[in-house]
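We name chains A, B, ... by the order of the sequence lines, and we start the count at 1 in each one.
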There are 2 protein chains.
Amino acid sequence: MAEAYYMQLTRQLREQLRYGGATWVDEVGRLPAERVLAERFNTTRVTLRQALAQLEGEGKIHRSNRRGWFVSPKRLEYDPTRDAGFNDYVTAQGRTPRTEVLGVTTATCPAAASALGLDVNHPLYHIRRRRYVDERAVLVESLWVVPEQAPGLLQERFDHSLWGLLRERWQLELSHRSIRMVSEALQQDDASELGVATGTAGLNISRTIFDTRHRPIEYDEEHWLHDALSIRVELSNTT
Amino acid sequence: MAEAYYMQLTRQLREQLRYGGATWVDEVGRLPAERVLAERFNTTRVTLRQALAQLEGEGKIHRSNRRGWFVSPKRLEYDPTRDAGFNDYVTAQGRTPRTEVLGVTTATCPAAASALGLDVNHPLYHIRRRRYVDERAVLVESLWVVPEQAPGLLQERFDHSLWGLLRERWQLELSHRSIRMVSEALQQDDASELGVATGTAGLNISRTIFDTRHRPIEYDEEHWLHDALSIRVELSNTT
DNA sequence: CAGTGGTCTAGACCACCCA
DNA sequence: GGGTGGTCTAGACCACTGT
């Protein structure tokens with residue numbers, strides 16, 4: 001086969017997005033309707049959508065559920081090993097952060113409890129947040145904190161760094177951390193909170209945190225849009 | 001809408017894969033042909049393929065180009081901050097590693113050179129390898145080594161740890177490392193070397209390595225199948 | 001209500017893999 | 001050469017978003 005037409009389409013669209021200014025992209029980065037693009041490139045919606053899906057996989061464009069396709073902004077650089085707050089590192093990159101607290105409860109979570117080495121029925125503080133970069137929702141996260149380590153935590157506000165709070169108010173020293181990163185397809189709840197279709201490619205980042213005395217402190221799970229971040233870790237010691 | 005049919009399909013297939021032993025999966029983990037599955041679930045290939053694509057995004061199944069769909073094996077746990085060799089950590093997890101050297105040359109690479117802080121035309125040793133876990137090709141990688149730091153390197157064999165080689169033969173101490181991880185769509189060359197379709201979801205892991213005197217040593221870029229690995233980093237010092 | 005993406009049909013032909 | 005996935009057509013209806 002010479003080359004699948006949808007791959008040629010992909011290349012054309014990609015190049016027009018990068019150079020050319022792509023006159024057909026409007027001022028907020030929105031692409032024309034699929035039907036319009038399909039007609040312009042003399043093909044059907046199915047084939048056009050294959051090309052769009054390719055670019056989506058590359059992180060060049062993304063879709064907002066039933067609203068249309070948009071050019072994806074530059075990826076955020078993120079170092080999950082540092083405890084700089086989200087607000088800090090987003091601002092440091094010249095972007096605008098925002099955090100929404102979706103829920104604050106006490107509940108049990110077998111996955112979190114077992115990661116922390118506790119009984120699966122051990123109650124935990126649960127905080128759920130949604131975070132934005134330049135008003136685009138890029139991640140939802142669930143934080144599970146061991147109540148004994150930070151009594152009264154749920155009275156606090158959670159629109160800033162949780163780790164900063166734990167350090168200042170409860171003098172907790174976050175020492176050992178175990179971090180796990182795995183690609184995923186966003187499940188229904190996470191996807192709808194991010195305004196994307198179920199199954200959209202995502203990245204799951206989970207941390208388990210212990211203090212200097214190896215007591216379990218916190219477990220958290222972040223679900224990112226895959227095209228929103230680039231992970232960067234700097235290490236200096238030899239292992 | 002109640003629920004899209006392909007999502008119901010996805011759920012059924014997922015559950016049958018997890019429990020039930022899925023009698024329709026053969027002994028090597030291969031699924032029946034798309035046409036057969038489509039007929040069995042009373043739908044068309046297009047809709048069935050949507051369901052398969054969902055499971056592919058979840059890392060449950062994968063396809064080998066034009067050969068069929070297969071159940072994905074367990075993800076490999078991988079810590080990119082350690083310099084344990086591929087052979088070592090794959091074996092430690094009870095799996096069987098294999099490395100194929102695809103090419104050994106001297107060439108220029110602007111991306112590698114600039115990451116190392118060298119002139120873009122600075123020649124570098126280039127080693128390209130393909131690596132397998134249990135005979136499944138899971139990644140291709142390009143290694144770019146600064147020739148001045150390891151003269152004669154290209155005479156060596158590269159089916160084992162490069163870092164081990166640099167340490168033993170040239171007494172190089174790998175100190176500072178900058179690691180970057182980003183989701184990607186596998187490009188034509190990488191995809192075909194892995195036997196998958198262009199655009200298949202992948203994970204790109206790049207490292208830039210300096211020695212204790214901050215001299216650039218090596219830059220490498222790994223392209224993994226997204227469902228083949230789970231990244232895990234353990235940290236003990238506070239930052 | 002108009003426009004958008006999301007889903008789905010019922011076919012077709014082609015390129016590649018393997019026996 | 002038979003079977004597989006890969007690509008593509010030309011439609012259709014639906015659900016949701018925004019005005």
Side-chain angles (χ1 to χ4, degrees), chain A residues 1-11 24-26 28-57 61-71 137 185-186 188 191-201, chain B residues 1-11 24-26 28-57 61-71 137 185-186 188 191-201:
Chain A
M1 201 192 294
E3 184 185 28
Y5 186 53
Y6 83 92
M7 287 302 295
Q8 299 176 40
L9 261 186
T10 304
R11 191 155 16 86
W24 38 272
V25 174
D26 78 8
V28 296
R30 183 181 190 158
L31 275 65
E34 292 178 358
R35 287 168 178 82
V36 173
L37 283 174
E39 191 176 7
R40 182 171 313 170
F41 288 99
N42 197 33
T43 185
T44 59
R45 270 182 76 204
V46 176
T47 299
L48 175 85
R49 278 169 65 87
Q50 275 186 280
L52 294 176
Q54 282 285 319
L55 294 172
E56 186 183 33
I61 61 176
H62 64 275
R63 60 185 122 181
S64 184
N65 215 351
R66 284 173 214 277
R67 293 202 313 123
W69 292 89
F70 299 83
V71 177
L186 294 172
Q188 196 150 58
S192 86
E193 284 176 343
L194 291 172
V196 300
T198 301
T200 298
Chain B
M1 201 192 292
E3 183 185 30
Y5 186 53
Y6 82 92
M7 287 303 294
Q8 300 177 39
L9 261 186
T10 304
R11 191 153 19 83
W24 38 271
V25 173
D26 77 9
V28 296
R30 182 182 191 156
L31 275 66
E34 293 178 358
R35 287 167 178 84
V36 173
L37 283 174
E39 190 176 6
R40 182 172 312 171
F41 288 99
N42 198 30
T43 184
T44 58
R45 269 182 76 204
V46 176
T47 300
L48 175 84
R49 278 169 66 87
Q50 275 186 280
L52 294 176
Q54 283 285 320
L55 294 173
E56 185 183 33
I61 61 176
H62 65 274
R63 61 184 121 181
S64 184
N65 215 351
R66 284 173 213 277
R67 294 203 311 124
W69 292 88
F70 299 82
V71 177
L186 293 172
Q188 197 150 58
S192 86
E193 285 176 341
L194 291 171
V196 299
T198 302
T200 297

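For the pair A:N65 CG and C:dG3 C1', the computed distance is 15 Å after rounding to whole Å. When rounded to the nearest whole Å, the span between CD of A:Q54 and P of D:dG6 equals 12 Å. Distance A:Q8 CD to D:dC8 C1': 13 Å, rounded to the nearest Å. Going from atom CD of A:E3 over to atom C1' of C:dA15 covers 14 Å, rounded to whole Å. A:Y5 has its OH atom 14 Å from the C1' atom of D:dT9, to the nearest Å. Rounded to whole Å, the distance from CG on B:L48 to P on C:dC8 is 11 Å. With rounding to whole Å, B:H62 atom NE2 is found 17 Å from D:dG6 atom C1'. The nearest whole Å value for the distance from the CZ atom in A:R66 to the C1' atom in C:dG5 is 6 Å.
For the segment residues 30-47 of chain B, the set of residues with a heavy atom within less than 4.0 Å of an atom of DNA chain C comprises B:R35, B:T43, B:T44, B:R45, B:V46, B:T47, in numerical order.
Contact annotation: A:R49 does not reach the phosphate of D:dC8 (side-chain N/O to OP1 or OP2, under 4.0 Å). Residue A:R63 has a polar side-chain atom (N or O) positioned under 4.0 Å from OP1 or OP2 of C:dG6. Residue A:R67 places none of its side-chain N or O atoms closer than 4.0 Å to OP1 or OP2 of D:dC16.
The nearest pair of heavy atoms linking B:H62 to B:V71 is CE1-O, 3.7 Å. A pairwise comparison of heavy atoms in B:L48 and B:L9 identifies CA-CD1, 4.1 Å as the closest pair. When every heavy atom of B:F70 is checked against every heavy atom of B:S64, the shortest pair comes out as CE1-CB, 3.9 Å.
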Name each donor-acceptor pair under 3.5 Å that joins a side chain in residues 38-47 of chain B to protein atoms two or more places apart or in another chain, with its distance.
unit_1, atom_1, unit_2, atom_2, d
B:R45, NE, B:E34, OE1, 3.2
B:R45, NH2, B:E34, OE1, 3.0

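Between the CD atom of A:Q8 and the CD atom of A:E3 there is a distance of 5.0 Å, given to the nearest 0.5 Å. Rounding to the nearest 0.5 Å gives a distance of 8.5 Å between CD of A:Q54 and OG1 of B:T200.
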Exercise. When you look at B:Q188 and A:M7, which way does the side-chain contact (heavy atoms from CB on, under 4.5 Å) test go after all the steps?
Worked result: CA-CA 11 Å; B:Q188 197 150 58; A:M7 287 302 295; 5.8 Å; no
